[in-house]
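Notes for the one structure printed next.
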Protein chains: 2
Amino acid sequence: MKNQIPTATALMNPGCNQCSLSKLCIPIAVNSEDIDRLDEIISRGRVLERGERIFEQDAPFTSCYAVRSGAVKTYTLSSDGEEQVTGFYLPGEVIGLDSIHMNQYSGTATALERTRVCEIPLGQLDEIADEIPGLQHHFMHLMSQEIRDSRQLTLLLSKKTAEERIASLLLSLSSRFSRRRLSGTEYRLPMPRSDIGNFLGLAVETISRVLTRFQNQGLVKVRGRDVEILSLEGLKGLLSHETECKRTSA
Amino acid sequence: MKNQIPTATALMNPGCNQCSLSKLCIPIAVNSEDIDRLDEIISRGRVLERGERIFEQDAPFTSCYAVRSGAVKTYTLSSDGEEQVTGFYLPGEVIGLDSIHMNQYSGTATALERTRVCEIPLGQLDEIADEIPGLQHHFMHLMSQEIRDSRQLTLLLSKKTAEERIASLLLSLSSRFSRRRLSGTEYRLPMPRSDIGNFLGLAVETISRVLTRFQNQGLVKVRGRDVEILSLEGLKGLLSHETECKRTSA
DNA sequence: CGTACAGTTGAGGAGATTCAATCATCGTGG
DNA sequence: CCACGATGATTGAATCTCCTCAACTGTACG
């Protein structure tokens, strides 16, 4: 019966083999046999409503999570209680990497909208790491990526203007939606302006102002959270233009 | 003869067993047998003068490096050619973690002063990772740490004032010198103001101004690169004070 | 239909940057 | 040994970007 009539949850949540995101989430060159083994330790289909937490800061670390659908933000609470948004995660992306082999989660992850995640318990992953040698490598790769993204963000925050930061975010989202074969020029922001501002180190008012400025320049069309990028080139031009301007004026 | 008369370099560069930094650099619970094995793959004692490069951005990744003495800065060159300092590394700290299991180095590392490093070739490390299981974990741990540090920096850059950033750097250096049993209240900055400014996202002039302000407040005594911290508490107080001010004025 | 929340817009102000000049430090060569 | 240039560091004045405060608009939802 197990073979003939899949349960409802199994239908909703096929294994990694069937998952359309597997190329993004675990894109290691493992044979299907290994993927099957992976399937055994990954629990799929946890559904979260907006605002629900996937894991909480300082809770004992157990698992990373792959986003299947929806969107997630991660943030840390500093000692004085202020929130710092550390990242937004779309389907196919993995959360909790920065807590691997630490005792506890370094931040909190909450769903920005209705979200499904796959849990990847890392205690067990260690055990089978020997059997699937590529896996440990892959996670190190993901962690390297995470460090680089963070460095990228650091550069953004330390040297770039409000316009550059926002253009950069719009483009980042664009390319990440594209990777999922969704439109890279027309999408809906999963997060409120306040989260964007927190993430980019800008006031919400500044987000608004810059977005309308972009709109007046014909770069984008924005209505609330709906974004349509009219000129990818124009946005990209903003990123590197800054230095050119300085050079020409100097 | 090899056994009886150690070479000069061997005297200068004892193995991990003898290294006073081993507790910081590779503080894994490995038995001395494992450390010996580690010794075999780590080449010690490469000496670099100020300005010399340890590795270069986009060069094929081969090794991480542990700083033995001196100081190192890492930076990336963005597409438009501007430099972004991504970190400072003191003895006992490991460079290149963000490039593990990537094809190439994500940035350049250069010596800020005369510096000795140990090379940790990671191709070979993989091979013996099975024999020393703690090692792979340890590197993941270091990488997690790196991500967190980067997040911390992100918070610093996106939400903190110039005073907070600089106080934070002074305190970070203080605690890192302390870990090495050096004075945490009196040390010499290994980097010029321009690197500090680049790292913290501030103009050099701002660094100067804030440092003299600190000095006038009796928090530190600064003469060029020599720093004496007169009130650790005072500096720490600056870090969380910001929000309190806002709250009281609101 | 009104309340709550998210987003936009405007005016004023604070903090950091930029530009420019000065001062200090250090290694170099006369 | 000292003068010299070069680089690094400091200080001042003007400017600018972004923040804060405030009012207002739109939208979702009871």
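All heavy atoms count here, side chains included; hydrogens, waters and symmetry mates do not. Below, read A as the first sequence line, B as the second, and so on, with proteins coming before strands; counting in each chain starts at 1.
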In this structure, how many angstroms lie between the [atom2] atom of [N] and the [atom1] atom of [X], rounded?
X: B/Leu202; N: C/dT18; atom1: CG; atom2: C1'; result: 14 Å
X: A/Lys160; N: D/dC18; atom1: NZ; atom2: C1'; result: 18 Å
X: A/Leu189; N: C/dG7; atom1: CG; atom2: P; result: 9 Å
X: B/Ile196; N: C/dT17; atom1: CD1; atom2: P; result: 14 Å
X: A/Asn198; N: D/dC19; atom1: CG; atom2: C1'; result: 15 Å
X: B/Glu49; N: C/dG27; atom1: CD; atom2: P; result: 13 Å

Could you give the side-chain donor-acceptor pairs of residues 217-228 of chain A under 3.5 Å, partners two or more places apart or in another chain?
from	atom 1	to	atom 2	distance (Å)
A/Asp226	OD1	A/Arg188	NH1	3.2
A/Asp226	OD2	A/Arg188	NH1	3.3

Which nucleotide, C/dA16, C/dT18, D/dT20, lies nearest any side-chain atom of B/Ala203? C/dT18
Residues in salt bridge (Lys or Arg N to Asp or Glu O under 4.0 Å) with [X], at least two apart?
X: A/Arg50; value: none
X: B/Arg53; value: B/Glu56
X: A/Glu163; value: A/Arg213
X: B/Arg151; value: A/Asp98, A/Glu146

Which pairs pass ring-ring contact (aromatic ring centres under 6.0 Å, His included) with one or both residues in residues 179-202 of chain B, sequence neighbours excluded? B/Phe88-B/Phe199, B/Phe177-B/Tyr187
Sequence neighbours excluded - ring-ring contact (aromatic ring centres under 6.0 Å, His included) pairs with any residue from residues 54-86 of chain A: A/Phe55-A/Tyr65, A/Phe55-A/Tyr105, A/Phe61-A/Tyr105
Through what angle, rounded to 10 degrees, does the axis of the helix from C/dC1-D/dG30 to C/dG30-D/dC1 turn between its ends, using five pairs per end? 30°
What is the per-nucleotide protein-contact pattern of nucleotides 5-15 of chain D, from the 5' end, where B denotes a base atom under 4.0 Å from a protein heavy atom, S denotes such proximity for sugar-phosphate atoms only, and - denotes neither? ----SBBBB--
Distance-only check: which donor-acceptor pairs under 3.5 Å involve side-chain atoms of residues 165-172 of chain A, not counting sequence neighbours?
from	atom 1	to	atom 2	distance (Å)
A/Arg165	NE	A/Lys160	O	3.0
A/Arg165	NH1	A/Leu200	O	2.8
A/Arg165	NH1	A/Gly201	O	3.4
A/Arg165	NH2	A/Leu157	O	3.2
A/Arg165	NH2	A/Lys160	O	3.2
A/Ser172	OG	A/Arg176	NH1	3.2

Between protein and nucleotides 23-25 of chain D, what N or O pairs are separated by less than 3.5 Å?
none

Is there a side-chain contact between A/Ser69 and A/Thr115, using heavy atoms and a 4.5 Å cut-off? no
Should B/Arg68 and B/Pro91 count as side-chain neighbours, where that means a heavy-atom distance under 4.5 Å? no
Tell me what A/Gly197 touches on the nucleic acid: a base, only sugar-phosphate, or nothing, going by heavy atoms under 4.0 Å. nothing
For residues 195-208 of chain B, which residue pairs qualify under salt bridge (Lys or Arg N to Asp or Glu O under 4.0 Å), counting only residues two or more places apart or in two chains? B/Lys73-B/Asp195
